[in-house]
Amino acid sequence: MLAHGTVTDLGVVYFAREAVSVALVLAGGVFADRVPRRRVLIASYGVEAVATGMIALLIARPDPPIAAIAILAAFGGAAAAFSVPAAVGLMPELVDAEHLHAANALGGIVWSSTTVVGAALGA
């Protein structure tokens, strides 16, 4: 089992991700409205995948650098600030208006379920 750092280190990493995400989400929404959402999603998911992969490599080290992990988490937060508005805006383009409410509900259930299951599997 890999166990490194302190609770404060974890807080710093989460803060870095969420602070950048909150700071950029409005810009991400505007950008997602002006650029094809598919491109925004591909690029932002790509950035988030690379950042997450690099974090995984860093935490496999005996003494991972928390500052580097926080910076990579911030990149993940920036990517999320663009991907979430793009994904929300894409739903009406994919589903008829009469089915939009059900599609949004199903999307929320899937998002919540995968978040919980993914965290449990990751632990």
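Because the structure is a prediction, the values reported are computed rather than measured. Heads up: numbering here begins at 1 and tracks the sequence.
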To the nearest 0.5 Å, how far apart are CD1 in I69 and CD1 in I66?
-> 4.5 Å
Run the side-chain contact (heavy atoms from CB on, under 4.5 Å) check on R34 and V30 step by step: do they pass?
-> CA-CA 6 Å; R34 289 174 170 51; V30 171; 3.5 Å; yes
What distance do F31 atom CZ and R37 atom CZ have between them, rounded to the nearest 0.5 Å?
-> 12.0 Å
Which atom names give the shortest non-hydrogen contact between L24 and A78, and what distance separates them?
-> CD1-CB, 3.7 Å
CZ-CG distance between R38 and L90, expressed to the nearest 0.5 angstrom | 10.0 Å
Tightest non-hydrogen contact, residues S83 and L41, listed as O-CD2, 3.4 Å
Report whether I42 and F82 are members of the same hydrophobic cluster (ILVMFWY, side-chain heavy atoms less than 4.5 Å apart, transitive linking).
-> no
Would you find more than 12 non-hydrogen atoms of other residues, nucleotides or ligands less than 6.0 Å from Y45 atom OH?
-> yes
Where do T6 and L10 land on the side-chain contact (heavy atoms from CB on, under 4.5 Å) test, with the steps shown first?
-> CA-CA 7 Å; T6 65; L10 183 62; over 6 Å; no
Measure from the side-chain N and O atoms of S112 to the backbone N and O of I109, and report whether any donor-acceptor pair falls under 3.5 Å.
-> no
Grab the two heavy atoms, one from G77 and one from V20, that are nearest each other, plus how far apart they are.
-> C-CG1, 4.3 Å
Could you state the interatomic distance from CZ (F75) to CD (E48), rounded to the nearest 0.5 Å?
-> 13.0 Å
Looking only at heavy atoms, which two atoms of A68 and L58 are closest? And how far apart?
-> CB-CD1, 3.9 Å
Atom pair CG/CD1 of L72 and I59 - distance to nearest 0.5 Å = 11.5 Å
Transitively linked via ILVMFWY side-chain contacts under 4.5 Å: L100 with L94?
-> yes
Determine, using the 4.5 Å side-chain heavy-atom cutoff (strictly less than), whether V88 and V22 are members of one ILVMFWY cluster.
-> no
Over all heavy atoms of both residues, which pair between G29 and P85 is shortest? Give the atoms and the distance, please.
-> CA-CB, 3.5 Å
Minimum heavy-atom distance between V12 and A70, given as atom pair plus value | CG1-CB, 4.2 Å
When rounded to the nearest 0.5 angstrom, what distance separates NE2 in H101 from CG in L106?
-> 11.5 Å
When you measure from the side chain of S21 to the backbone N and O of R17, does any donor-acceptor pair fall under 3.5 Å?
-> no
